[in-house]
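One structure is given below, encoded as structure tokens.
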Amino acid sequence: MTMTSEQLFYDKKTGFDKLTGSDKKNMQTYAESYKQFLNEAKTERDAVKEMVRLAEKKGFRAWARGEALKPGDKIYQVNRGKGIMLAVIGKQPLDKGIRLTAAHLDAPRVDIRTVPLYEDSGMAYFKTHYYGGIKKYQWTAIPLELRGVVCVCTGGQVKKVEVRVGDKPDDPKFVITDLLPHLASEQMVKKATEIIKGEGMNVLIGSVPSETEDEKCSEKIKLAVMEHLNRKYGMVEADFLSAELCCVPAFPACDIGFDRSFVGAYGHDDRVCSYTAATALFDLRAAPAHTCVCLLVDKEETGSDGVTGMQSRAFDTFMADLCRTQDVLPEACYENSVCLSADVCNAFDPNFPEVSEKRNDARVNCGFTLVKYTGARGKSGTSEATAELMARIRCIFDKAGVVWQTGQLGKVDQGGGGTVAMYLANRNIDTVDAGVPVLSMHSPFELIAKLDLYMAYKGFGAFYKD
Ligand code: MN
Ligand code: MN
């Protein structure tokens, strides 16, 4: 029998002609709940809180070391309010391995400095330090909101207060100003990395002087800001030293296009994979064959270091604690486990074809994307998934009717990047990158396609059930 070119060729095709009737319906409602999640989860702390709320609604409970577990149990553990590990215990023992998904909850943003507050030329500002890989000029002249926590220390007592200003319609917002074009002739010929300097990303926060009679004080606007913060949060300037505050874009997630096929929002990278991987776990109906774990970490955008990053031992400790309930060696569990390192990839952008490799880069609406390797130059800084693992995952997705494709990070010599995949693979866990293609990645307003979003959810679900 001769085979047709359709059977013989691998072509990236739009997923629209492969969607079932229920896919089409579910895709829309799923995107609505995702948008709500994004509006809540603009920092990793907010994302963890929202994950706990959603998980508990689905029958998950906080679990502590030593508590007995049985198949079907749904548990979670929070790491310092900034990461979360969720698990559904499977019917098979843990030395048969787990089905692991790992995504990150942090996103590029503008952090408030440790000593941030000052007054200059009749205005008050916060000094900042950007977090993650950003094009700094994209963060000026857009509305920003302030989120985070302050650990207020008074008389040896610590009180943690939450700050969230700018996300309600009548809330004030904040901004980093930019130069008018009329005076920008020098700025406009600078390199994009120098148009806005890191030290120039100062957030405007006020301009009205305090009416308090204080002859010693020459900075009355700064004083007014501190008086406001003291009234509202009980803090003094020194409390900034024990705070984690950041500015994030102040616009909510919305549909893009006449056909509403895209979601535009801040923070798709990597809340889109966090949300799809977690909700697919929440929606497991029966106890799965293998224990399924969804790991949502912090600090990916700065290299995965630190206690809440993927390189922390927090995950190993959680897994060792799980394994101890069944008298299983964690090493035995790891070597039989499979991991989808769930992170976004670049979508081919016809506005910038010169950096992409058309055959290999992911396309919007072509589905959930498997990336065999990331890294830079000669595949440096990556864990490459084996041919065997790629085959295994292909079969799982095909069987479950998941629309999927493969992706890569642009032209070979163009640049590069990485994910948490290598930190999991280094632990002797078979790992492959899988995620959703993104346009305008790391900008304040990223774009994903609803079809790809829904197929990621479907793909993670099929993976857990394998
Ligand atoms: Mn990412
Ligand atoms: Mn990123």
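Order of appearance sets the numbers: ligands from 1, and atoms from 1 within every ligand. Any value given below was found using the heavy atoms of this structure, including those in side chains, with hydrogens, waters and symmetry copies removed.
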Exercise. Do the side-chain N and O atoms of Tyr131 and Asp106 include a donor-acceptor pair separated by under 3.5 angstrom?
Worked result: yes

Exercise. Hey, is there an N, O or S on Glu300 sitting under 2.8 Å from the Mn ion (ligand 2)?
Worked result: no

Seminar exercise, completed: So the angle subtended at the Mn ion (ligand 1) by Asp343 atom OD2 and Asp269 atom OD1, rounded to 10 degrees, is 150°

Exercise. Is His104 close enough to the Mn ion (ligand 2) to have an N, O or S atom under 2.8 Å?
Worked result: no

Exercise. Which is the closest N/O/S atom of Glu301 when seen from the Mn ion (ligand 2)?
Worked result: OE2

Exercise. Do we see a donor-acceptor contact under 3.5 Å between the side chains of Asp269 and His104?
Worked result: yes

For this session: Check whether the side chains of Lys96 and Asn336 place a donor and an acceptor atom closer than 3.5 Å, and report yes or no.
Result: no

For this session: Could you check whether the rings of Tyr275 and Tyr30 sit parallel, tilted or perpendicular, using 30° and 60° as the cut-offs?
Result: tilted

